[in-house]
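Side-chain atoms are counted along with the backbone in the values below, which use heavy atoms only and exclude waters and symmetry mates. Nothing here was measured: the structure is a model prediction, and the numbers come from that model. All chains are named by letter (A, B, ...) in the order of the sequence lines, taking the proteins before the strands, and each is independently numbered beginning at 1.
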Amino acid sequence: MNWETALPLLIVLSSLIPGLIIFFLAEKQVVARITLNMAAALIKLALVGVMLWGVFHGHHYEIRLPFLPGLDLVLRADPLSMLFVTLSASLWLATTVYAIGYLEDSPNRSRFFGFFSLCVTATVGLALAGNLLTFVLFYELLTLTTYPLVVHRGTEVARLAGRKYLIYTVGGGALLLLATVWLYTLAGTLEFTARGFLSGLDAVHYPALIIIFVLLIAGLGVKAALIPFHGWLPQAMVAPAPVSALLHAVAVVKAGAFGIVRVVYDVFGIEFAASLGVTLPLAILASATIIYGSLRALFQDDLKRRLAFSTVSQVSYIVLGVAVAGPIATIGGLVHLVHQGVQKITLFFCAGILAETLGIHKISEMNGVGRRMPWTMAAFTIGAFGMIGAPPLAGFISKWYLGLGALDAGQNWVIFILAASSLLNAAYFLPILYRAWFKAPPASWPDERSFGKRETAWALLAPAVITAALTLGLGLLASMPYSPLEWVRFITEQEYAP
Amino acid sequence: MTGDIVGIPWIVVLIVLPLTGGMACFLFPTISKSLGLIFALAIFTAVVGLGWQLVEQGAQRYAIGGWGASLGIDLYADGLSLLMLVTAALVGLGVSVYSGAYFSREKAKHFWPLWLLLWAALNALFLSADIFNLYVTLELLGLAAVALIALADGADALNSAMRYLLVSLLGSLFYLLGVALLYHSFGSLDIAILAQRMEPTPAVWSAVGLMSAGLLLKTALFPMHFWLPAAHACAPAPVSALLSALVVKASFYILLRLWLEVFALTDTSLGQLLGLLGATAVLWGGIQALRQTRLKLLIAYSTVAQLGYLFLAFPLGTNIAWKGACYMLLSHAIAKAAMFMAAGNILRFCGHDRIADLDRIAQRLPLTLTAFALAGVSIMGLPPSGGFIGKWLLLEASMSAGQWWWAVILILGGLLAAAYFFRVIGYAFTRAGLTHEVGVVPARMEWAALVLALAAILLGFISPAALELMGIGTPFGGERAG
Amino acid sequence: MSGVFLYALLGVGLFVLGLYALIIHAHLLRKILAINVMGTGVFLVLVALAAGNPDAPPDPVPHAMVITGIVVAVSATALALILMLKVSVATGKNHLSDSTRD
Amino acid sequence: MLHWAFDSLLGLSLLWLAWRALTSPDLFKAIVLFISFGLLMSLAWVRLGAPDVALAEAAIGAGLTGALLLAALARLESIGEAGRQKGSIGETGAHDR
Amino acid sequence: MTDNRKTGKALRLLLVSLLCAIAAWLGYAVLGLSLSHVGLGQLVGANLEASGVSHPVTAVLLNFRGYDTLLEMGVLLVALLGVWSLGGMPDYDESSPGPVLDILSRLLIPMLMLVAGYLLWVGAHAPGGAFQAGSVLGAAGVLMMLAGWRLDSRFAGLLLRVVMVSGLGVFVMVSTAMLLIGNGFLEFSPPMAGELILLIEAVATMSIGATLAALFLGSRPAVGPDK
C-alpha cells in the first residue's frame with residue numbers, strides 16, 4: 001500500500017469519512033460541522049494538487065480492489081480524470097463556503113452536509129474510475145446521494161421533482177448497466193485504455209456494438225441532459241441554491257458529459273467510433289440540444305429555470321466537441337468542461353445571493369439590482385459574458401477551439417450551430433444585464449435583509465467573486481503551463497494516434 | 001489449535017445446538033430471552049467452525065450412526081449448504097437480537113422455543129442428503145413457521161396462518177409422493193446414489209413433476225404465490241423477516257439441490273418453463289408491490305418478485321448463473337430481513353404502516369430510515385450491494401448464454417423495485433407535524449435492522465471470497481455449457 | 001403380485017380424491033379431512049410397492065417411513081384443528097376469508 | 001383367487017368410504033365415516049404385510065385423529081352457539097356444506 | 001344466480017377431468033415400476049443383528065434411520081408448542097361423567113397402560129414399539145380426560161414440560177453421548193445397542209403419550225404460579 005496506490009483512495013476517502021461523521025453530528029454542533037467540512041475540502045484540494053503535480057511528471061497512481069471474480073474496482077489517475085477531479089475539488093471548496101453561509105439556520109443541516117460530501121465522493125470516484133464497472137458504481141451512487149438533496153426542502157413540490165429526477169436517472173442507470181454487462185461479455189474486459197479496447201473485435205459484433213453505444217449514450221445522456229432526457233434538470237431547480245450550483249451545474253451534469261467522453265475515447269476509441277459511424281448522429285443530437293436548450297431558456301421568467309436550460313445547452317458543447325472527430329475540437333470540448341463549470345457556478349451563486357438577500361426569484365423583479373448589489377451583479381455579468389463567449393473570458397476560448405476543430409475536421413455546419421447558439425445566449429443573458437444595470441430599482445425589494453454596510457453575507461459573496469475572477473483568469477492566462485488549456489492539450493496527445 | 005477446531009464434527013453440532021436450545025427455552029421460559037441469545041451466538045460460531053472445516057478439508061459427508069449411504073442417513077455439507085447456513089446464521093442472529101426487544105414477556109415465552117426449533121429445522125434441511133429426511137425437516141419447518149405466524153393475535157394473522165398451514169401440508173404431500181416414486185424406482189433415498197442410478201422412466205418424470213410442484217408451492221413461485229403476501233404481512237415483524245429471508249428459501253434450496261444433482265435436467269424445456277414463471281413473478285410482484293398502500297404488504301410482494309429472480313437461473317444452467325442466483329438469494333435474505341425489521345419499527349412508532357402517512361420518519365427514526373434505504377439499495381440491485389453482484393452475475397450469464405430476454409427481465413425488475421422503493425422513501429422525506437403520540441422504539445431494534453442492512457451492502461465488496469467459498473465441492477457442476 | 005399394484009393404484013386414487021375434496025370444500029374441517037385422506041393415499045403407495053417380490057419379506061424401510069409419516073400427520077392435524085377453532089372464534093366463519101386474494 | 005377377490009373388495013370399500021366421508025353433507029357423519037375408513041385401512045396394512053403400520057394406523061390414524069376431530073367438532077358447535085347468542089352473524093349451523 | 005352456478009359446475013367438471021388425467025398418468029407411472037430387484041430389505045436383514053433389535057422395522061426406525069425419528073419427535077414437540085402458543089381454548093365441557101363412562105374408564109385405563117407396556121417391550125422382536133405404545137398411552141390419557149380428570153396444578157409447571165420434552169431430549173442426549181465415547185453421532189455400538197434403544201423407546205413412549213393427550217386437551221393445563 002505504497003504512496004502510489006494510496007493517493008487515489010485517500011482522495012475518495014477524504015470526503016467519504018467526514019461525510020459519514022457529519023451524519024452523526026447533532027443539529028446544533030455548528031462549529032464542529034463547519035470545521036469538518038472545511039478541513040475535508042482543503043485536504044482534498046491539497047491531495048489533488050499533489051497528484052496533479054505527480055501526474056504531470058509521469059508518476060502512475062492506481063489502486064485495484066477485488067470486486068467481482070475477474071473484475072476489479074480500479075481508481076487510476078490519468079490526465080483526463082485529473083481534469084475533472086481538479087474541477088470538482090476546487091468548486092466543492094467554494095460551494096462548501098457558500099452553503100455554510102446560505103443554510104444559516106435552516107433545519108437538518110447535518111443531513112444536508114452529509115449527503116453533500118457523499119455526492120462529491122461519488123463525483124471524484126467517478127472521475128478517477130479506471131474501468132467502466134467502477135464508473136457505473138459511482139454513477140449509481142451519485143444518483144442515490146443527490147436524491148436526498150433534491151428533496152431536501154421536504155415540500156410536496158420537492159418530492160414530485162425528486163420523483164421525476166429518479167425516474168430519469170434510475171432508468172438511465174439501468175440502460176448503462178445492461179450495456180456494460182453486454183460489453184463485458186463481448187470484449188472480456190472493461191479497462192479504460194488510451195485508444196479504446198474494442199477495435200480488436202471482429203466485424204460480426206459491429207451491430208451489437210452500435211446498439212451498445214446507443215444504450216451507453218442514452219444512459220449517460222440522462223445525466224448529461226441531452227434531449228429527450230433533459231426533463232429532470234429544470235424541475236430539480238427546486239433544490240436549495242448550493243445544490244443547484246454544485247450539483248446541477250458541475251457534478252451531476254458533468255458526470256454525464258465526462259462519461260460520454262470516457263466512452264467515446266477510452267472504450268470505443270475515437271477512430272473506431274468514427275469508423276462505426278456513430279459520432280455524426282451524436283454530433284447532430286448535441287447540436288439539437290444546444291439549440292433547443294437556448295430556445296427554451298429565452299422564455300423562462302424564473303432566473304434559476306433560465307440558467308438550468310442554459311446548462312442543458314452548454315453541456316452539449318462538450319458532447320459536440322467530442323463527437324466532432326478531430327484533435328482541436330476535442331481540446332475545445334474538454335476545456336469547455338472546465339470553463340462552463342466555473343462560469344455556470346458563478347451564475348448560480350449570484351442567483352442564490354439574489355434569492356437569499358433580496359427575495360428575488362423572477363427576472364422581472366431584477367430592475368436596478370446592480371445599484372443595490374454592485375459586486376454580485378459584476379460577478380453575474382462576467383459569468384454571463386463568459387457564457388456568450390466574449391473574447392477575454394474562458395467561454396470564448398472553448399468556442400474558439402470548437403470552431404477551429406470543426407473547420408479542421410471539415411464539419412462546416414458546426415460553425416453555424418456555434419454562431420446561432422452564441423446569438424441565442426446573448427438573447428437571453430443581455431436583457432437580464434440591461435434590466436439589472438440600466439433600469440430604476442423598485443421602491444422596496446420583495447424580502448430584503450440588510451447586512452449593515454456590506455451588500456450581503458461575505459460567505460455568499462466571496463465564492464461568487466472568486467469564481468468570477470477565475471473565469472477571467474482562465475480566459476486571460478489560457479496559455480500558462482498549468483492552465484486547463486495546456487492540460488487538455490496534454491490529454492489529447494494521448495488520445496490520437498501519433 | 002486448528003487441529004481440534006477441524007476435528008469437532010461441526011455438522012452434528014449445528015443440528016444438536018438449536019434443538020437443545022429450543023428445548024432449554026421451553027423448559028425455562030422466564031430466562032428464555034437470554035438463553036435464546038446465547039444459543040444464537042453459539043450456532044453462529046458453529047457455522048464459522050463448519051466454514052473453517054470446509055475450507056481446510058473440502059466438502060464433508062457424515063454418515064449418521066455409521067451405517068453409510070443407502071441404509072443410514074448421510075449429512076452432506078458443501079459450498080451451497082454453507083452459503084445457506086451462513087444466510088440462516090446472519091439473519092438468525094439479527095432476528096434474535098431484534099426479538100429480544102420486540103416481544104412482550106408473555107409472547108416471548110412462546111417465540112424462543114419455536115424460533116430455535118425452526119432454526120434447527122433449517123440447519124437440518126441444509127445439511128441433509130436424504131430425500132425422506134428432507135420431507136421431515138420440511139414438515140418441522142412448516143409447523144414451526146405456522147405457529148410463529150399465529151403468534152400475532154388478530155383475525156387476519158390466524159387466517160393467513162391457517163392458509164399457510166394447508167398450503168404447506170399440501171406441498172409436503174406432493175413432495176412425499178415424489179419421494180415414494182423415486183424410492184421404489186431406484187431403491188435408495190440418498191441424493192448422491194439416486195443421481196448415479198437416475199434414468200428417465202415415466203415414474204421419474206412424474207416424481208420430478210410432483211416434487212417440483214410441491215416445492216414450488218412452498219417457495220411461492222408465481223401462480224402459487226397467493227398465500228405469501230397475507231402470511232408475511234400479518235406476522236410479527238421478526239417472523240415475517242424469518243419467513244421471507246429463510247423459510248421460503250429452504251424449499252428453493254431443496255429444488256435447486258434436486259435439480260442440480262438428481263434431475264440434472266437444467267437445459268430441458270422444464271427449465272425454460274421455470275424461467276418463464278420466474279419472469280412473470282418478477283413483473284407481477286413488482287406491479288402488485290406498486291399498488292399496495294400498506295408497507296408490509298409492499299415488502300411481501302417485493303419478496304414474490306425477488307423470488308422470481310432466483311428462477312431465472314434455471315433456463316441458463318451455467319455455473320455463473322447458479323452462483324448469481326445464490327448470491328442474489330443471500331443478499332435478498334439479509335436485505336429483506338432488515339426491511340421487515342425497519343417496517344416493524346415504523347409500525348411500532350407510528351401505530352400504522354400506511355405508506356402515504358409515513359411522512360414523519362426521516363427526522364424521528366433516522367436509523368430505521370437509513371436501514372430501510374440501505375436494504376432498498378440491495379433489493380434494487382444498485383451498486384455497491386450484494387444484490388448488485390447477484391444481478392450482475394445473472395446478467396452476465398444470460399448475455400453470454402445468448403438468452404438476452406432474461407437480462408431485459410432483470411433490468412425491468414430492477415426498475416419496478418426502484419419504483420416501489422422510492423415511493424416509500426419519497427414520503428419519508430416530506431415534512432409534516434406529528435398528529436398523535438408515538439410508540440417508543442428500543443434502540444436495539446433499530447440497530448439490529450441497521451447492522452443487517454449494512455451487511456447487505458458489505459456483501460457487495462466481498463464477492464470474490466464468497467463466490468469461492470460457495471464453490472467448495474463444486475455443487476453447481478463444472479463449467480458446463482450453457 | 002397383482003394385489004400390490006391394486007393397493008398402489010388405490011393409494012393414487014385416494015391421493016387424487018383427497019386433492020379434489022381439498023380444492024372443492026371451503027369448510028376448514030373438511031379440508032383437514034381431505035389432507036388426511038391424501039396422506040393415507042401416499043402412505044398406501046409407499047407400503048404397497050414395498051411388498052414387491054412375494055417370496056422375500058416386505059422391505060421394512062417404507063414401513064418406518066410411513067410410521068413417521070402417520071405421527072407427523074397427526075401432529076399437523078392437531079395443530080390445524082386448534083388453529084381452525086381459533087380462526088372460527090376470531091372471524092366467526094369456518095372458512096378462509098381471502099382478505100388479499102390476488 | 002380368493003385373495004384377489006378379498007383385496008379388490010377391500011379396495012373398493014375403502015374408496016367408497018373415503019368418497020362418502022369427503023362428500024357427505026353432515027359433518028358428524030363425515031367424521032364417523034373417516035374413523036371407519038381408518039379402521040379398514042389398518043386391515044389393508046395387515047393384508048400388505050405391515051403389522052407395525054396397522055397398529056399405528058389403528059391407534060393414531062383412527063383412534064386419536066378421530067377423537068381430535070370429534071372434540072374439534074364439539075367445540076366448533078359451542079363456538080357457533082356462543083357466536084349466535086352474541087348476535088354475531090355466525091354460521092347458521094355447523095352442518096352446512 | 002344461475003350463471004355462476006353454471007360456471008361453478010363447468011369449473012368443477014374441468015377440475016375433475018384434470019384430476020382424472022393426473023390420476024391416470026400417476027397410475028401408469030406406478031404400473032411401470034419394475035419391482036423385482038429394488039428395496040433395502042436384504043441390506044437391513046444383513047445388518048440386523050448389529051442393530052441391537054431383531055425386528056427389522058424397529059431397527060430401521062430407531063437405529064438405521066434413527067435421525068428421522070429424532071426429528072419427528074421434534075415435529076411432535078413443535079406441534080405441541082404451536083397449540084400451546086395459540087392460547088386458551090374453550091375448555092372441553094367436563095360435565096360430570098356418566099356412570100357408564102366412569103366404570104368403563106376405571107376398567108379400561110389400567111388395561112391400556114398394560115397394553116402400552118407390552119407393546120413397548122415386544123417392539124424389540126415383533127411389531128410394536130415406541131409410537132404404537134405411545135399412542136395407546138395417549139388414548140388412555142384422552143379417556144381419563146373425557147372422564148373429567150385434570151392434571152393437578154402442582155405438576156403442571158416444570159415437571160409437565162420436562163415430560164413433554166423428555167422424548168426428544170433423551171434421544172439427543174444419548175446420541176451425543178455416543179459422540180463423547182468415540183462413536184459417531186447416533187452410533188450405538190452393538191453390545192449395548194439393544195439397551196440404549198429400549199431406554200430411548202421407554203422415555204419416548206411416556207413423552208408421546210403425554211404429548212398426544214395434551215394435543216387433545218388443546219390448551220395449556222391450568223398452571224400454578226409459573227415456575
Side-chain angles (χ1 to χ4, degrees), chain C residues 1-2 4-24 41-42 44-45 48-90, chain E residues 12 15-16 19-20 22-24 26-27 29-31 33-45 55-62 64-65 68-69 71-73 75-84 86-87 89-90 127 129 131-132 134-135 138 208 211-212 214-216 218-219:
Chain C
M1 190 47 187
S2 66
V4 164
F5 281 116
L6 179 93
Y7 282 108
L9 289 182
L10 175 67
V12 168
L14 287 177
F15 180 80
V16 170
L17 185 68
L19 186 59
Y20 170 75
L22 180 67
I23 295 169
I24 287 297
V42 174
L44 198 54
V45 167
L49 295 175
N53 39 28
D55 38 31
D59 170 5
V61 170
H63 296 192
M65 286 157 75
V66 166
I67 291 174
T68 313
I70 288 175
V71 173
V72 163
V74 79
S75 36
T77 312
L79 184 63
L81 288 173
I82 301 296
L83 196 55
M84 174 194 75
L85 292 174
K86 293 297 286 184
V87 164
S88 165
V89 165
Chain E
R12 190 168 293 199
L15 182 65
V16 166
L19 290 181
C20 288
I22 293 175
L26 287 180
V30 163
L31 291 177
L33 285 170
S34 69
L35 295 173
S36 54
H37 63 283
V38 102
L40 292 167
Q42 303 84 357
L43 209 57
V44 169
H55 183 61
V57 174
T58 318
V60 169
L61 209 53
L62 278 158
F64 300 141
R65 296 185 69 87
D68 275 347
T69 315
L71 285 182
E72 190 261 315
M73 301 293 290
V75 169
L76 257 173
L77 183 63
V78 163
L80 180 73
L81 282 171
V83 164
W84 276 7
L86 279 172
M89 182 55 56
F131 296 111
Q132 291 80 351
S135 48
I208 293 170
T211 313
L212 291 177
L215 284 177
F216 173 77
S219 66

Novice: Can you see which heavy atom on G41(E) is nearest to which on P60(C), and at what distance?
Specialist: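 Smallest heavy-atom distance, with atoms named: CA-CD, 3.9 Å.
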Novice: Flag the one option from L17(C), V45(C), I24(C) with the top tally of heavy-atom pairs under 4.5 Å to chain E.
Specialist: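 Going by pairs under 4.5 Å, I would pick I24(C).
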Novice: With a 4.5 Å cut-off on heavy-atom pairs, point out which of D68(E), I22(E), V44(E), L31(E) contacts chain C the most.
Specialist: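 The residue among D68(E), I22(E), V44(E), L31(E) with the greatest pair count is L31(E).
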Novice: Among L62(E), L61(E), L80(E), who wins on heavy-atom pairs under 4.5 Å with chain C?
Specialist: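 Of L62(E), L61(E), L80(E), L61(E) has the most heavy-atom pairs under 4.5 Å with chain C.
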Novice: Using heavy-atom distances under 4.5 Å, tell me whether L81(C) contacts chain E through its side chain, its backbone, both, or neither.
Specialist: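 For L81(C), no heavy atom lies under 4.5 Å from chain E.
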Novice: Is there side-chain contact between T68(C) and L71(E), with at least one heavy-atom pair below 4.5 Å?
Specialist: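 Result no, sub-4.5 Å side-chain heavy-atom pair not found.
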Novice: Decide yes or no for E72(E) and I67(C): does some side-chain heavy atom of the first lie under 4.5 Å from some side-chain heavy atom of the second?
Specialist: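 No, every pair of side-chain atoms sits at 4.5 Å or beyond.
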Novice: Compare every heavy atom of A23(E) with every heavy atom of V16(C), then report the nearest pair and how far apart it is.
Specialist: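 Shortest heavy-atom separation between V16(C) and A23(E) comes out as CG2-CB, 3.7 Å.
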Novice: Could you tell me which non-hydrogen atom of L76(E) sits nearest to which non-hydrogen atom of S75(C), and how far apart they are?
Specialist: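 Smallest heavy-atom distance, with atoms named: CD2-CB, 4.1 Å.
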Novice: For chain C, which candidate among V57(E), T211(E), T58(E) shows the most heavy-atom pairs at distances under 4.5 Å?
Specialist: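 Answer, by heavy-atom pair count under 4.5 Å with chain C: V57(E).
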Novice: With a 4.5 angstrom heavy-atom cut-off, is it the side chain or the backbone of L15(E) that approaches chain C, or both, or neither?
Specialist: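 L15(E) touches chain C through side-chain heavy atoms alone.
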Novice: Looking only at heavy atoms, what is the nearest atom pair of A78(C) and L215(E), with distance?
Specialist: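 Closest pair (atom of A78(C), atom of L215(E), distance): CB-CD1, 3.8 Å.
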Novice: Looking only at non-hydrogen atoms, find the nearest pair between L33(E) and F5(C) and report the distance.
Specialist: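 That would be O-CZ, 3.7 Å.
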Novice: What are the two closest non-hydrogen atoms of V30(E) and A8(C), and how far apart are they?
Specialist: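 Shortest heavy-atom separation between V30(E) and A8(C) comes out as CG1-CB, 3.6 Å.
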Novice: Is chain E contacted by the side chain of V12(C), its backbone, both, or neither, given a heavy-atom distance below 4.5 Å?
Specialist: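 Just the side chain, heavy atoms under 4.5 Å.
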